[in-house]
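The structure under discussion appears below in the form of structure tokens.
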There are 2 protein chains.
Amino acid sequence: MSKKNGESTPKNTLGMDVSVDCVVFGFDNDTLKVLLIEQKQPDTIHLKTQKAVPGDLVLDNESLDEAAKRILQELTSLKGIYLKQFHAFGDPNRVRGLKDQQWLRTFRVNPERRVLTIGYYSLVKLSEFKPKAASFAGHTYWVDVYNIPSLAFDHNEIVHKALLMLRHELMADHIGFELLPEKFTLSQLQKLYEIILDKKLDKRNFRKNILRTETVTALEEKQQGVLHKPAQLFTKK
Amino acid sequence: MSKKNGESTPKNTLGMDVSVDCVVFGFDNDTLKVLLIEQKQPDTIHLKTQKAVPGDLVLDNESLDEAAKRILQELTSLKGIYLKQFHAFGDPNRVRGLKDQQWLRTFRVNPERRVLTIGYYSLVKLSEFKPKAASFAGHTYWVDVYNIPSLAFDHNEIVHKALLMLRHELMADHIGFELLPEKFTLSQLQKLYEIILDKKLDKRNFRKNILRTETVTALEEKQQGVLHKPAQLFTKK
DNA sequence: GATACTTCGTGTGCTAAATACACTTTCAAA
DNA sequence: TTTGAAAGTGTATTTAGCACACGAAGTATC
């Protein structure tokens, strides 16, 4: 926000579109997953389908956080989802790949227009997740975060950076339970940490640490229907 | 980046301007400072001057990092300045304050247009800093980060968040020396840490920690011209 | 050249946290 | 009752954090 030179020659640029892209993480007790959308193409054209992270243009009177929340709620009816802005991606040519352009032409007024995107990641409880019917044109599905296919735009980079940020925040703020059901065992939590951080942890030390941070509390309840000693259930806070 | 519904009705928004704002930190051996610009107003109008962090609109073919670099180089001729993107500020009304609008009208084609800004912070060696003459309309000056006046737009919030992010990164990555001259003593470095983190540190433990991280190396040289035992000089890496 | 002044530079003991490591317990199923 | 499978727990060792005080190396002054 600076004024160049003394003269009052107004200064401007063409501006750009701004979007929000959400890297939605989920955990199924075995793998850390990311939610992708595969867009159906109008069937007259036989383009290869494009896979992408859910996102949308920011509306004219909407803050970034509001836009991210809206995008998530178009996918799921969950409220109170954990959401965090993590980076702005501003390469001037990030939507100018050939396939990206062909795709954008099918639904944007100005497909060649520059788009800045703000990356958010969110943590959802996979157990409670139900994709809203027909909310998006394409269907949604989960893929292993360590085995992401080739995505539209710079979305591979966005997912990769989201994972790095998630790791940092997991260590700093112990937000892991956001990915688990309301009630969970410490073993589930440990496995989640191990998969996100991509390394094995010692069971006893892990429990000591988690209990010391006091981000979870023990319930009176135990796991049921398992064919081994049932674990105590915990819940957040 | 999502297509709503099956139909091919193109979707769009009015777009917005995108700017980059740089919170430039400097250290003068006593206080942590932030660089501000005070804009001269056309003298026909007697508005109060506006103080702000340096920033500018992102040009049409410029990445965010490039824009930040350009803004910094309009202020100083230093190369290789430490620069880090830390947050996007997207409140739809963040430039719509009364005084902000009066000011913007003096140099923007569309002063009421929404502006998204990407916050960067940068670390400069105050000793080597020479503001470029007449580079900006207003004059630049340094203020104590703990005593920032009222700024234009949401720049107070931007500075505040930049400081928080700087603290985190200082602890994690030990980038403190970026604010010091090429050659510095460990006492200088410690004082810098104390001021950024806003707490006292123990001398012996601080030294142990810094030397263990191996982010600095000792020179053969000693401080000169001090009226006490001269300290050993260090340099980065 | 002795003295005063100021910051530099260092070592140790104590406490707290991080790590490594293995066996018994509890339940369901066969 | 035996088997299987994960749960749950304690201790010893190592490493990091922290509090603490004094001699050393220069400059300035008299």
Side-chain angles (χ1 to χ4, degrees), chain A residues 27-31 167-168 170-174 176-177 180-235, chain B residues 27-31 167-168 170-174 176-177 180-235:
Chain A
F27 180 64
D28 72 351
N29 279 320
D30 260 318
T31 50
R167 280 183 186 158
H168 276 128
L170 183 66
M171 298 303 283
D173 301 343
H174 292 286
F177 49 74
L180 294 176
E182 278 312 320
K183 300 172 181 179
F184 52 86
T185 69
L186 292 187
S187 293
Q188 282 178 289
L189 189 62
Q190 181 180 341
K191 190 155 186 189
L192 171 60
Y193 273 64
E194 290 178 338
I195 288 168
I196 293 179
L197 302 176
D198 203 20
K199 65 175 175 190
K200 282 217 75 69
L201 301 173
D202 178 79
K203 181 161 54 157
R204 280 179 274 201
N205 298 330
F206 177 79
R207 292 161 104 94
K208 257 185 283 181
N209 287 334
I210 289 296
L211 295 176
R212 188 166 34 76
T213 63
E214 296 181 336
T215 49
V216 300
T217 53
L219 298 170
E220 295 299 290
E221 228 169 314
K222 290 192 168 182
Q223 222 180 6
Q224 290 194 341
V226 289
L227 51 159
H228 54 75
K229 174 171 176 179
Q232 180 159 51
L233 290 172
F234 287 76
T235 192
Chain B
F27 181 63
D28 72 352
N29 279 320
D30 260 318
T31 50
R167 280 183 186 158
H168 275 127
L170 183 65
M171 298 304 283
D173 300 343
H174 292 286
F177 50 73
L180 294 176
E182 278 312 318
K183 300 172 182 180
F184 52 85
T185 69
L186 292 187
S187 294
Q188 281 178 290
L189 189 62
Q190 181 180 342
K191 190 156 188 187
L192 170 61
Y193 273 64
E194 289 179 338
I195 288 169
I196 293 179
L197 303 176
D198 203 20
K199 65 176 176 189
K200 281 217 75 71
L201 301 173
D202 178 81
K203 180 161 56 156
R204 279 180 272 204
N205 298 330
F206 178 78
R207 284 167 181 253
K208 256 187 284 181
N209 288 333
I210 290 295
L211 295 176
R212 188 165 35 77
T213 63
E214 296 182 335
T215 50
V216 299
T217 52
L219 298 171
E220 295 298 292
E221 229 169 314
K222 290 191 168 183
Q223 224 179 4
Q224 291 194 340
V226 289
L227 50 161
H228 55 74
K229 175 172 174 179
Q232 182 159 49
L233 290 171
F234 287 76
T235 192

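Model, not experiment: these values are computed from the prediction. In the text below, chain A, chain B and the rest are named by the order of the sequence lines, each starting its count at 1.
For the pair A:K191 NZ and D:dA7 P, the interatomic distance rounds to 10 Å; values are reported in whole Å. The CG atom of B:L211 sits 16 Å away from the C1' atom of D:dG17 (whole-angstrom rounding). Regarding A:N205, its CG atom lies at a distance of 15 Å from the P atom of D:dA12, rounded to whole Å. In this structure, CZ of A:F206 is placed 16 Å from C1' of D:dA6, rounded to the nearest angstrom. Nucleotide D:dG8 holds its P atom 16 Å from the NZ atom of A:K208, rounded to whole Å. Atoms CD (A:Q190) and P (D:dG8) sit 12 Å apart, rounded to a whole Å. A:L233 places its CG atom 12 Å from the C1' atom of D:dA7, with the value rounded to the nearest Å.
Residues forming a side chain to side chain contact (heavy atoms under 4.5 Å, CB included) with B:H168 (at least two apart in sequence, or on another chain): none.
The nearest pair of heavy atoms linking A:Q188 to A:F184 is OE1-CA, 3.2 Å. Taking both residues in full, the closest heavy atoms of B:T215 and B:F177 are given as O-CE2, 3.8 Å, listed atom of the first, atom of the second, then distance. Taking all atoms of both residues into account, the shortest heavy-atom contact from A:Q190 to A:L201 is NE2-O, 3.0 Å.
Counting only heavy atoms from C-beta outward, the side chains of B:D30 and B:K191 approach each other to under 4.5 Å. Side-chain atoms of A:R212 and A:N209, non-hydrogen and from C-beta on, do get closer than 4.5 Å to each other. Side-chain contact between B:L170 and B:R167 is absent, with no heavy-atom pair separated by less than 4.5 Å. The shortest distance between side-chain heavy atoms of B:L211 and B:F234 falls below 4.5 Å.
Aromatic ring pairs are classed by plane angle as parallel below 30°, tilted from 30° to 60° and perpendicular above 60°; the pair A:F206 and A:Y193 is perpendicular.
No contact: A:Q223 has no heavy atom under 4.0 Å from any strand. Among the atoms of the strands shown, only primed sugar atoms or phosphate atoms (P, OP1, OP2) are found under 4.0 Å from some heavy atom of B:S187.
With DNA chain C read from its 5' end, the first of the two nearest nucleotides for A:D202 and A:R212 is the one closest to A:R212.
Counting 5' to 3', DNA chain C first comes under 4.0 angstrom of a heavy atom of chain B and last does so at the ends given by C:dT6 to C:dT12.
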Summary of protein contacts for nucleotides 21-30 of chain D, nucleotide by nucleotide, where a base hit scores B, a sugar-phosphate-only hit scores S (4.0 Å, heavy atoms): B--BBBS---
